[in-house]
Structures are given as C-alpha cells and as structure tokens.
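Keep in mind the model is a prediction, meaning the values are calculated, not measured. Atoms within a ligand are numbered from 1 in the order they appear, just like the ligands themselves.
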Amino acid sequence: MKRILIVGAGGQIGSELVDYTRKIYGGNNVIAADLDESKLTKFQIDGPSEKLDALDGEKYHEIVKRYKIDTIYNLVALLSATGEKNPTLAWKINMGALENSLEIARQENCAVFTPSSIGAFGPNTPADNTPQDTIMQPTTIYGVCKVSGELLSNYYYYRFGIDTRSVRFPGIISYATPPGGGTTDYAVEIFYEAVKNKHYTCYLKPGTFLDMMYMPDALKACVELMEADPSKLIHRNSFNVTAMSFDPEMLADEIRKHIPEFKMDYNIDPIKQKIADSWPNSLDDSCARNEWGWNPQYNLAAMTMDMLEKIEEKYNKGLI
Ligand code: AKB
C-alpha cells in the first residue's frame, strides 16, 4: 500500500485529494500537511496530519522519514493573479516547495506529483488545440515557475531516476473549497453568485476561452497518472489535460438553463484579462489519453448541473 504525503492539503485541490486518496489507500496511509493548522482539523477524524511549511526542508524531511512516505503530492503554490502582485514571493514559495520536495524525494526515494498548469504556456504558444510539445514562453511569474518546475522535475527523473509525474491543469471548478488568487476563479465564483443573487459581474471579457475541469476529474487525473504503468509513459512533466473549453457567455448560458433569471454583466480586471489572453483557448490532451488512459467524465452541461445542485444544497443549509 502506498504511503502518501499531501503537502498544501488545505488548498482547493488538496482538501479534496486527501479524502479521495484516503478512500483508496486507507486513512492512515495518507498524511495531510499544511502551513495553516486550522485547515487540518477536518483531516484529523480519519488519518494523520502535520503542520508543515514546505520551505522548512528539515521538518519536511523528518515527516517523510517518520511516516515512511513513498509518494509526495506537492500542491503548494501561489496562483497566477496573486503571483503578479508579489513575483518574488511567488518564485520563493512555488520553487522552494518544489526544490524541497524533489531533494527529499531523491534522498528517500519517493515518487513526486506536482501540478503544472495551462499557465505554463504563453502568447507565442498556438492557442487552439495547443499541442503537448510546443513553445512555452509564459509571461507571468506563475507560468515561469511552472515551466521551470516541469524542467526541474524531468531533470530529477533523467539524472537521479526519481519518479516525477505531472499534469498541466486547466481552471479547476469545485464546490468544497474555493480557489484563491487564480485567473480562472470566475468559473467558480459565478456559481455562488448565481445561486445567492441571480447575478454575477465577470472580470474576464466575453470571448475569453479557457480550458476547465470539474474537481472529480482533477482528482482522478492525479491518482490515475501516479498509478500509470511507467513503461507506457513517453512524457512525464507535464501532460496536457482538459475536460472542456468555454468562455464566460457559454457558462452563463448553461447556468440559465437551470436559473432562467440569472444575469451577468462585466467589469474587466486588466491584469487577469491579460493573463487569460496569454493562455491557450483549448488544449490537445491526446498524449495523456494515449499514454495513461486519461478520459474525463464531466463536460460543461454535466459539471454545471452538479455544481448548481451542490451549491444550492449548501445555500439551503445556510452554509454560504
Ligand atoms: C490560475 O488561474 O492561476 C490557476 C491555473 C489555471 O493554474 N487556476
């Protein structure tokens, strides 16, 4: 049975990945770690958790040894919009956490999963059906960290034989834990506003197409890639993955199928718009499909229906 450490467990993906992996591998085999102790309480019912600053290499290493960890999910990152507010801090956190993860993995022979992002691409990348192997010249610090992270992770594989694997996530849509500081966050916020106020002011222009994915597919991607037969992997860091591509108008129209009175207007955030304009409209994820069987379950219609159902449930219980 795997012994898993999820670093950054309190974030949007981490908070659901802990439960998902505990159901597969058993509660005691999945250790949730986060800098913010208050985010760990919910993980303490069915397994171990540790307060950890991923930049503290000594403590990180001690935890990996103590729990006999063999697989690290390194989910620590400042997202794209927050990164632009403090590029030095973004580099320090995003690269520092990765560097520690890889070095500890090298010394303790662990596999490492680190998410990359559509943010690894830039304005010179072909925007439609973006190929797996193509120009990567991002113009955000977040993207610079992601490309550097992909290269460094591949280096650890080629140089030291460390089993590093990664996917380029699109915007992740979920109802359990909100994202924070991303450019794609509008696609989550819109659902809360649609349910609560029947109105949303969008910060990206109509016609801004971006890849997106519903959380159940994102969790499936993490585990399926880490379980994939290594002899089938031609790529490692990092695979294009997507489940849908839409612009704000398409998402609003889909929501209106369930809430006909929903209205959307626009107040463009120039920084987020510039970031979104530099990213692809739609990815080609055929390498992930061919090399490890990637096959997402949720399209725009299925995701919208489930999101509205879950958020209405939270609203009716007075949780939001
Ligand atoms: C962001 O918007 O920064 C993230 C991402 C696409 O990596 N959601």
Would you call the rings of W294 and W292 parallel, tilted or perpendicular, taking 30° and 60° as the class edges? tilted

Relative to the ring of Y175, is the ring of Y214 parallel (under 30°), tilted (30 to 60°) or perpendicular (over 60°)? tilted

Any donor-acceptor N or O pair under 3.5 Å, side chains [X], [Y]:
| X | Y | answer |
| --- | --- | --- |
| N240 | D285 | no |
| E189 | Y200 | yes |
| T164 | N237 | yes |
| H61 | N100 | no |

Which of the ligand 1 atoms, numbered from 1, are nearer than 4.0 Å to a heavy atom of [X]:
| X | result |
| --- | --- |
| T183 | 1 (C), 2 (O), 3 (O) |
| G182 | 1 (C), 2 (O), 3 (O) |
| L79 | 3 (O) |
| S117 | 5 (C), 6 (C), 7 (O) |
| S80 | 1 (C), 2 (O), 3 (O) |

Below 3.5 angstrom, do we get any N/O pair linking W279 and ligand 1? no

Output yes when the distance from some N or O of ligand 1 to some N or O of D185 is under 3.5 Å, and no in every other case. no

Please write down residue, atom name and distance for the protein heavy atom closest to atom 8 (N) of ligand 1. T184 OG1, 2.9 Å

Please confirm whether the backbone N or O of N295 pairs with a side-chain atom of Q297, one donor and one acceptor, at under 3.5 Å? yes

At a non-hydrogen distance cut-off of under 4.0 Å, which region of I172 contacts ligand 1 (side chain, backbone, both, or neither)? neither

